[in-house]
Amino acid sequence: MGEEEMVVAVVAIAAGTGVWVTLLNTIKAIFQKRGRDDQATFTQEIKALREEVQHLRRQNNDLILGLDNQMRLVDRRLDHLESRSLGAHQSHEETQVVGSRRS
C-alpha cells in the first residue's frame with residue numbers, strides 16, 4: 001500500500017466515521033424528542049383524566065344534593081297531606097260527636 005492509498009483510506013475511514021456519528025446523533029435526537037413528546041402527551045392525558053374525574057365528582061355531588069332536596073320536598077308534601085287528611089278526619093269525627101249529642 002502506497003502513501004496515497006493510505007491517505008485515501010484514512011480519509012475514507014474518517015468520512016465514514018463522521019457519517020456514522022452524525023447518523024447516530026440524529027437518531028439519538030429523534031428518540032430524545034420522541035421521549036419528551038411522549039412524556040408531554042402522557043402528562044397532558046393524566047391532567048385531562050384528573051379534570052374529568054373532578055368533573056364527575058362534582059356531577060355526582062350535584063346529583064346527590066338534588067336527590068336529597070327532592071326527598072325533603074316529597075317528605076314535606078307527605079307531611080302536609082297527612083296533616084290535612086288527619087285534620088279532615090278529626091273534624092269529621094267532631095262533627096259526628098256533636099251531631100250524636102244533639103240527638
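We're numbering straight along the sequence, starting at 1.
- Applying the side chain to side chain contact (heavy atoms under 4.5 Å, CB included) rule to Asn61 yields no partners; only residues at least two apart in sequence or on another chain are considered.
- Here Ile27 is tied into one hydrophobic group with Trp20, Leu23, Phe31, each link being a pair of ILVMFWY side chains closer than 4.5 Å.
- One finds the CD1 atom of Ile64 at 13.5 Å from the CG atom of Asn69 (value rounded to the nearest 0.5 Å).
- Screening residues 46-61 for salt bridge (Lys or Arg N to Asp or Glu O under 4.0 Å), with sequence neighbours left out, gives no hits.
- Other residues, nucleotides and ligands place more than 12 heavy atoms under 6.0 Å from the CD atom of Gln32.
- Interatomic distance, Arg77 CZ to Asp75 CG, rounded to the nearest 0.5 Å: 12.0 Å.
- Residues passing the side chain to side chain contact (heavy atoms under 4.5 Å, CB included) test with Ile13, sequence neighbours excluded: Thr17.
- With sequence neighbours left out, Val10 forms a side chain to side chain contact (heavy atoms under 4.5 Å, CB included) with no residue at all.
- Cluster partners of Ile46 are Phe42, counting Ile, Leu, Val, Met, Phe, Trp and Tyr whose side-chain heavy atoms approach within less than 4.5 Å, directly or via other members.
- In this view, Thr26 and Thr22, Ile30 satisfy the side chain to side chain contact (heavy atoms under 4.5 Å, CB included) rule, not counting sequence neighbours.
- The salt bridge (Lys or Arg N to Asp or Glu O under 4.0 Å) check on Asp68 picks up Arg72, with sequence neighbours excluded.
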